[in-house]
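Note on naming: letters A, B, ... go to the chains in the order of the sequence lines (proteins, then strands), and numbering restarts at 1 for each one.
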There are 2 protein chains.
Amino acid sequence: MSEVATTGVSVLLVDDHPIVRQGYRRVLESQGDLHVVAEADNAADAYSAFKVHEPDVVVMDISMPGASGLEAIRNIRARNPRARILVFTMHNEAVLVKAAFNAGASGFVTKSSAPSAVVNAIRSVARGERAMSDDIAHVLAEDSLSAGSVLDQLGEREIEILRQFAGGATTEEIAAQLNLSVKTVQNYHYLIKTKTGARTDAQLVRLAAACGLTRI
Amino acid sequence: MSEVATTGVSVLLVDDHPIVRQGYRRVLESQGDLHVVAEADNAADAYSAFKVHEPDVVVMDISMPGASGLEAIRNIRARNPRARILVFTMHNEAVLVKAAFNAGASGFVTKSSAPSAVVNAIRSVARGERAMSDDIAHVLAEDSLSAGSVLDQLGEREIEILRQFAGGATTEEIAAQLNLSVKTVQNYHYLIKTKTGARTDAQLVRLAAACGLTRI
DNA sequence: TGGCAGCTCGGGCAAATTTCCCAAGCCGGA
DNA sequence: TCCGGCTTGGGAAATTTGCCCGAGCTGCCA
């Protein structure tokens with residue numbers, strides 16, 4: 001991490017599609033100052049590769065098979081809190097973005113972004129700055145009326161209900177299970193959605209899965 | 001289409017992510033015999049670009065915003081039945097593969113494939129052959145032996161709506177995206193639930209994820 | 001050629017759920 | 001003690017769901 005300024009930025013590429021990785025690699029290396037030192041196609045390999053190469057920046061698609069990408073972010077950050085991780089994915093849901101930053105990401109860029117925006121984001125996070133693409137900033141701005149972290153702002157009961165809901169349980173089943181009135185569960189359901197910024201039950205499930213609350 | 005053998009293969013790239021297109025372009029052009037003559041990021045532009053350039057091969061990701069990629073395949077084939085279209089996407093669900101070939105695709109390669117497999121597939125379809133990656137062949141093989149997955153009982157439209165819904169889109173967004181009335185989307189939503197036996201939106205999302213329709 | 005089956009698209013309407021506002025009890029911290 | 005947050009639910013309007021219907025279209029099969 002020390003010789004960055006003179007030798008450029010070393011990058012670990014994490015994406016589950018080989019062709020996509022190959023394409024990124026070529027785009028990044030054509031920049032001159034960006035060097036892809038390793039690739040990985042899953043969370044576990046990403047962690048291993050990080051330990052070996054200690055790259056300046058990890059460019060990672062968080063939608064990978066197997067373990068959650070967010071989990072990978074947490075693992076890497078746990079090992080080295082100075083690690084810079086740029087999430088680079090097609091998703092642009094506020095809940096996911098917040099979850100990623102919450103897990104320790106330094107940047108979040110969607111694949112809809114112009115190539116120049118992506119390479120600039122890599123340079124930004126390499127300098128220790130936070131970076132995000134315009135569309136992400138817009139999404140977060142829209143969402144900003146309810147600031148805060150994603151799951152950390154949920155209480156015990158809310159998390160339990162979210163887990164059961166994401167697991168496929170109906171409102172009645174949850175109420176019976178927890179010995180609550182259906183009305184209360186409905187209110188929690190609504191409350192969780194507003195708190196997390198999820199606008200859809202499906203987004204809620206995806207959030208729960210991303211946070212490891214449920215497995216799919 | 002006639003001078004292919006001597007001048008190489010002209011390719012139209014269709015993918016909604018700029019960076020991804022840029023990467024593909026570099027990978028393909030490094031081959032020497034493959035030339036990207038145009039790019040498009042949606043179905044409508046793909047059709048326009050095809051009319052202008054009449055490329056040997058269209059390399060297309062069918063999961064794009066706006067009109068269905070399958071629709072684009074049909075449009076292009078309707079204009080020129082000799083058009084060669086190679087579907088190149090992250091999805092590997094049997095129903096989608098079958099739908100693509102049914103719409104007139106010449107090949108189906110997943111983004112999990114090795115770059116060499118992709119370029120070879122492009123050359124194959126340029127020669128008029130059918131091509132698919134190993135994993136797709138495997139999926140189709142499994143499918144031909146199985147009693148039929150849950151998704152097999154869903155129509156094209158139903159699958160598209162399920163994908164968008166599981167991806168977190170609201171009913172209104174899906175209706176706007178597909179140019180349908182909200183009521184129709186609601187009906188599809190209900191129909192999909194009854195057909196699949198899902199009793200909850202969350203179960204629907206899990207089902208879609210399990211079938212590879214969406215990644216979490 | 002006719003007919004049937006299946007997909008697509010939407011209207012209608014009662015029942016159910018969601019949305020949002022509200023109140024009250026409880027508990028821990030300032 | 002008081003404030004704030006969690007938990008629990010009521011109420012009422014808005015929306016969605018569940019289920020029924022028909023109509024247009026395409027493909028298939030006799």
Side-chain angles (χ1 to χ4, degrees), chain A residues 143 145-166 168-205 207, chain B residues 66-71 73-75 77-78 81 95-96 98-104 148 150-166 168-205 207:
Chain A
D143 184 80
L145 35 92
S146 64
S149 54
V150 185
L151 270 197
D152 296 328
Q153 59 189 328
L154 296 182
E156 291 282 324
R157 219 77 261 225
E158 291 161 339
I159 287 183
E160 178 57 29
I161 287 175
L162 173 56
R163 184 204 317 284
Q164 297 213 24
F165 172 76
T170 68
T171 306
E172 285 90 349
E173 287 166 355
I174 298 176
Q177 183 89 38
L178 300 181
N179 224 275
L180 297 175
S181 82
V182 170
K183 182 64 193 176
T184 298
V185 178
Q186 287 176 342
N187 279 337
Y188 272 116
H189 189 351
Y190 167 71
L191 197 63
I192 293 168
K193 279 212 266 189
T194 58
K195 273 192 178 181
T196 59
R199 290 160 50 247
T200 280
D201 284 352
Q203 291 183 8
L204 223 45
V205 176
L207 172 70
Chain B
S68 158
L70 296 178
E71 202 57 45
I73 294 177
R74 264 188 288 270
N75 287 341
R77 294 278 297 186
V95 276
L96 254 191
K98 290 199 264 188
F101 278 118
N102 216 257
V150 192
L151 288 190
D152 281 336
Q153 52 193 319
L154 297 183
E156 203 174 280
R157 215 76 253 231
E158 291 162 338
I159 288 180
E160 177 59 27
I161 287 174
L162 173 56
R163 183 208 318 290
Q164 297 213 25
F165 172 77
T170 67
T171 306
E172 285 89 350
E173 286 167 354
I174 297 175
Q177 186 105 58
L178 300 181
N179 223 275
L180 297 175
S181 83
V182 170
K183 182 62 191 177
T184 297
V185 177
Q186 287 176 341
N187 278 336
Y188 272 116
H189 189 350
Y190 167 71
L191 199 62
I192 293 167
K193 278 212 267 189
T194 58
K195 274 191 178 182
T196 59
R199 289 161 51 244
T200 282
D201 284 352
Q203 291 181 8
L204 222 44
V205 175
L207 174 70

Rounded interatomic separation in angstrom, taking [atom1] from [X] and [atom2] from [N]:
X	N	atom1	atom2	answer
A/Lys183	C/dT17	NZ	C1'	9 Å
A/Tyr188	D/dT7	OH	P	4 Å
B/Glu172	D/dT15	CD	C1'	9 Å
B/Gln186	C/dT8	CD	C1'	16 Å

Is any side-chain nitrogen or oxygen of [X] closer than 4.0 Å to OP1 or OP2 of [N]?
X	N	result
A/Tyr190	C/dC20	yes
B/His189	D/dT16	no
A/Lys193	C/dT18	no
B/Thr184	C/dG10	yes
B/Ser181	C/dC9	no

- Query: Should B/Lys183 and B/Asn187 count as side-chain neighbours, where that means a heavy-atom distance under 4.5 Å?
  - Reply: yes
- Answer with base, sugar-phosphate or nothing: what part of the nucleic acid does A/Glu160 contact at a heavy-atom distance below 4.0 Å? nothing
- Query: Below 4.0 angstrom, N of the basic side chain to O of the carboxylate: do B/Glu160 and B/Arg157 qualify?
  - Reply: no
